[in-house]
K.L.:
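Please read through the structure below; I'll follow up with questions.
In what follows, every heavy atom counts, from backbone to side chain, and hydrogens, waters and symmetry copies are set aside.
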Amino acid sequence: MAFKELSEKQLLTMSKEEQGNYWEEFKAYYSEKKKSLQRKIRETEKEENARNKKKLNHARFVLFGALLKLPDTKELLKKIDTSSFTETDKKDCNLLMKSLKWDLTF
């Protein structure tokens with residue numbers, strides 16, 4: 001929608017009806033422009049959140065990898081209350097322990 005803003009002088013030469021139509025077009029144009037801008041902002045935020053999620057997951061992976069290398073980690077893992085873990089969680093954790101060659105099951 002192409003909308004051309006008019007000068008004050010041009011608006012004053014218009015009839016009341018023409019001015020009313022102009023302001024309706026003005027309002028519709030800028031409302032649509034605002035919606036478009038808000039949509040672009042939301043899309044940008046979604047993209048940024050997705051990038052941040054990947055970065056957070058990577059950081060968790062790096063930190064947990066470093067934590068697994070500490071000598072006291074095995075003892076600490078034995079103390080974890082696994083009652084809130086689902087069966088899938090337990091299977092995945094057991095798979096990790098097996099890959100690390102640790103004699104520890106959840």
Side-chain angles (χ1 to χ4, degrees):
M1 173 193 252
F3 177 77
K4 184 176 184 237
E5 287 190 44
L6 300 178
S7 68
E8 187 176 333
K9 190 175 183 179
Q10 290 171 312
L11 286 171
L12 291 172
T13 61
M14 299 170 97
S15 70
K16 292 282 183 192
E17 186 178 319
E18 289 173 324
Q19 285 179 5
N21 290 338
Y22 172 81
W23 290 116
E24 286 300 316
E25 283 183 43
F26 179 90
K27 182 179 175 184
Y29 175 78
Y30 282 102
S31 291
E32 190 60 38
K33 195 166 185 139
K34 178 183 175 186
K35 286 179 189 176
S36 174
L37 185 59
Q38 288 173 333
R39 193 171 24 255
K40 287 178 185 178
I41 289 170
R42 279 193 306 273
E43 288 171 7
T44 303
E45 287 173 347
K46 281 182 183 179
E47 290 171 4
E48 187 176 339
N49 288 341
R51 279 193 305 272
N52 285 343
K53 185 175 181 181
K54 288 179 183 178
K55 290 178 182 180
L56 288 170
N57 285 338
H58 178 253
R60 287 182 185 108
F61 179 79
V62 169
L63 289 175
F64 191 71
L67 181 66
L68 285 175
K69 293 176 184 174
L70 295 176
D72 298 334
T73 303
K74 212 182 228 184
E75 293 304 314
L76 181 64
L77 288 175
K78 288 179 183 178
K79 295 177 184 179
I80 292 177
D81 178 23
T82 59
S83 62
S84 63
F85 286 16
T86 65
E87 286 304 311
T88 305
D89 294 341
K90 290 178 183 178
K91 285 179 184 177
D92 292 347
C93 289
N94 288 333
L95 182 64
L96 176 62
M97 295 302 114
K98 186 177 179 181
S99 73
L100 292 170
K101 296 182 175 103
W102 287 3
D103 189 28
L104 181 64
T105 56
F106 291 95

K.L.:
Can Leu96 and Phe106 be said to form a side chain to side chain contact (heavy atoms under 4.5 Å, CB included), step by step?
P.N.:
CA-CA 11 Å; Leu96 176 62; Phe106 291 95; over 6 Å; no
K.L.:
Quick check: is Leu70 connected to Leu104 through a chain of hydrophobic side chains (ILVMFWY, heavy atoms under 4.5 Å apart)?
P.N.:
yes
K.L.:
Parallel, tilted or perpendicular: which one describes the rings of Tyr29 and Phe3, with boundaries at 30° and 60°?
P.N.:
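Rings of Tyr29 and Phe3: parallel, under 30°.
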K.L.:
Tell me, with the steps shown, if Glu45 and Ile41 meet side chain to side chain contact (heavy atoms under 4.5 Å, CB included).
P.N.:
CA-CA 6 Å; Glu45 287 173 347; Ile41 289 170; 3.8 Å; yes
K.L.:
Looking at Lys46 and Glu43, is there a salt bridge between them, counting it only when a charged N and a carboxylate O are closer than 4.0 Å?
P.N.:
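Salt bridge flag = no for Lys46 with Glu43.
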K.L.:
If I compare all heavy atoms of Met14 with all of Gln19, which pair ends up nearest, and what's the gap?
P.N.:
O-NE2, 3.5 Å
K.L.:
Got more than 12 heavy atoms from elsewhere within 6.0 Å of CD, Glu17?
P.N.:
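12 or below, so no.
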K.L.:
Without swapping roles, check the side chain of Thr44 against the backbone of Lys40 for a donor-acceptor pair under 3.5 Å.
P.N.:
yes
K.L.:
Which heavy atom in Leu77 sits nearest to a heavy atom in Met97, and how many Å separate them?
P.N.:
CD1-CE, 3.9 Å
K.L.:
Please find the pair of heavy atoms, one from Tyr22 and one from Leu6, that lie closest to each other, and give the distance.
P.N.:
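Heavy-atom minimum between the residues: OH-N, 3.0 Å.
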K.L.:
Do the ring planes of Tyr30 and Phe26 sit parallel (below 30°), tilted (30 to 60°) or perpendicular (above 60°)?
P.N.:
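Tilted, since the angle between the ring planes falls between 30° and 60°.
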K.L.:
Quick check: does any side chain N or O of Glu75 sit under 3.5 Å from a backbone N or O of Asp72, one acting as donor and the other as acceptor?
P.N.:
no
K.L.:
What closest approach, in Å, do Thr82 and Lys90 show between heavy atoms, and which atom pair accounts for it?
P.N.:
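Heavy atoms of Thr82 and Lys90 come nearest at O-CE, 3.4 Å.
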K.L.:
My understanding is that only residues two or more places apart in sequence, or in another chain, count here; which of them pass side-chain hydrogen bond (donor to acceptor under 3.5 Å, both in side chains) with Arg60?
P.N.:
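Per chain and number, Arg60 pairs via side-chain hydrogen bond (donor to acceptor under 3.5 Å, both in side chains) with Asn57.
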K.L.:
For the backbone of Thr86 and the side chain of Asp89, can you confirm whether one donor and one acceptor N or O come within less than 3.5 Å of each other?
P.N.:
yes
K.L.:
So which pairs with a foot in residues 91-106 pass side-chain hydrogen bond (donor to acceptor under 3.5 Å, both in side chains), sequence neighbours left out?
P.N.:
none
